[in-house]
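Here the structure is a predicted model, which means the values were calculated and not measured.
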Amino acid sequence: MSTKTVTTPGTKLKPKTERPKLWKVILLNDDYTPREFVVQVLKAVFRMNEDEAHRVMMTAHRRGACVIAVYTKDVADTKAKEATELGKSKGYPLYFTTEPEE
Ligand code: TYC
């Protein structure tokens with residue numbers, strides 16, 4: 001009796017360790033949104049506590065932008081949109097964007 005290794009034609013051999021690319025959600029500074037409102041949005045949408053939210057808000061305020069967290073693309077896009085909409089609903093130009101991790 002003989003044994004043969006059967007491979008399915010066209011099956012790609014992918015390394016099992018490959019992970020889906022993660023996306024950063026980035027908070028951008030502006031001159032109009034009240035600091036306390038930015039903190040509220042960070043707490044509500046990104047599940048931060050008061051301290052974390054305040055630190056992130058002040059980093060964006062001082063440096064122009066701050067990376068908040070990384071998620072899969074779907075989650076990053078949804079959270080960025082949701083947070084931006086919260087600002088919009090109050091008439092603020094608060095803006096969250098996403099970009100792929102290296
Ligand atoms: N710069 C705003 C102010 O002085 C506060 C602010 C901080 C707005 C961070 C957006 O991402 C931001 N009222």
Side-chain angles (χ1 to χ4, degrees):
M1 216 214 281
S2 70
T3 52
K4 271 187 185 164
T5 304
V6 179
T7 53
T8 311
T11 300
K12 279 211 181 121
L13 297 172
K14 255 191 177 178
K16 285 248 166 63
T17 51
E18 205 168 285
R19 304 256 190 284
K21 193 179 236 173
L22 293 176
W23 289 62
K24 300 182 275 192
V25 177
I26 299 161
L27 167 65
L28 301 180
N29 186 38
D30 67 71
D31 291 338
Y32 304 101
T33 309
R35 292 181 188 195
E36 190 44 46
F37 183 79
V38 179
V39 170
Q40 274 182 41
V41 171
L42 290 171
K43 286 162 73 177
V45 179
F46 300 95
R47 312 256 156 184
M48 291 184 181
N49 64 35
E50 182 77 26
D51 271 17
E52 292 170 320
H54 193 263
R55 244 192 313 262
V56 165
M57 179 279 293
M58 284 311 294
T59 301
H61 179 72
R62 292 191 180 117
R63 304 169 68 104
C66 182
V67 175
I68 296 169
V70 294
Y71 303 100
T72 56
K73 186 174 194 305
D74 269 15
V75 176
D77 285 345
T78 303
K79 283 185 181 283
K81 193 172 165 212
E82 203 180 315
T84 300
E85 288 295 329
L86 279 175
K88 215 180 199 174
S89 73
K90 298 275 185 192
Y92 299 133
L94 183 64
Y95 192 67
F96 295 76
T97 188
T98 62
E99 92 180 26
E101 256 195 346
E102 315 310 312

Kindly state each residue pair satisfying salt bridge (charged side-chain N to carboxylate O under 4.0 Å, His left out) with at least one member in residues 54-69, sequence neighbours excluded.
none
Which pairs pass salt bridge (charged side-chain N to carboxylate O under 4.0 Å, His left out) with one or both residues in residues 26-47, sequence neighbours excluded?
Lys43-Glu50
Residues two or more places apart in sequence or in another chain: which of them pass side chain to side chain donor-acceptor pair (under 3.5 Å) with Lys73?
Asp77
Under the side chain to side chain donor-acceptor pair (under 3.5 Å) test, residues paired with Lys24 that sit two or more places apart
Glu99
Val38 versus Leu94: any side-chain heavy-atom pair under 4.5 Å?
yes
Quick one: pull up CE in Met57 and CE in Met48 and give me the separation to the nearest 0.5 Å.
11.5 Å
What is the distance from atom CD1 of Ile68 to atom CG of Leu42, rounded to the nearest 0.5 Å?
5.0 Å
For [X], which residues count as a side-chain contact (heavy atoms from CB on, under 4.5 Å) partner, sequence neighbours excluded?
X: Asn49; value: Asp51, Glu52
X: Ala44; value: none
X: Ala60; value: Leu27, Cys66

Residues two or more places apart in sequence or in another chain: which of them pass ring-ring contact (aromatic ring centres under 6.0 Å, His included) with Tyr95?
none
Shared ILVMFWY cluster between Val41 and Leu28, side chains joined below 4.5 angstrom?
no
Mind checking whether Val56 and Val67 sit in one hydrophobic cluster, side chains of I, L, V, M, F, W, Y counted as touching below 4.5 Å?
no
Please, which pairs that meet ring-ring contact (aromatic ring centres under 6.0 Å, His included) have at least one residue in residues 21-40, sequence neighbours excluded?
Phe37-Tyr92
Pairs satisfying ring-ring contact (aromatic ring centres under 6.0 Å, His included), at least one member in residues 43-89, at least two apart:
Phe46-Phe96
Give the minimum heavy-atom separation between Ala80 and Val25, together with the two atoms involved.
CB-CG1, 4.3 Å
Restricting to non-hydrogen atoms, name the atom on Ala65 and the atom on Ile26 that form the minimum distance, rounded to 0.1 Å.
CB-CG2, 4.0 Å
Who else is in Leu22's hydrophobic cluster (ILVMFWY, side-chain heavy atoms under 4.5 Å, direct or via others)?
Val70
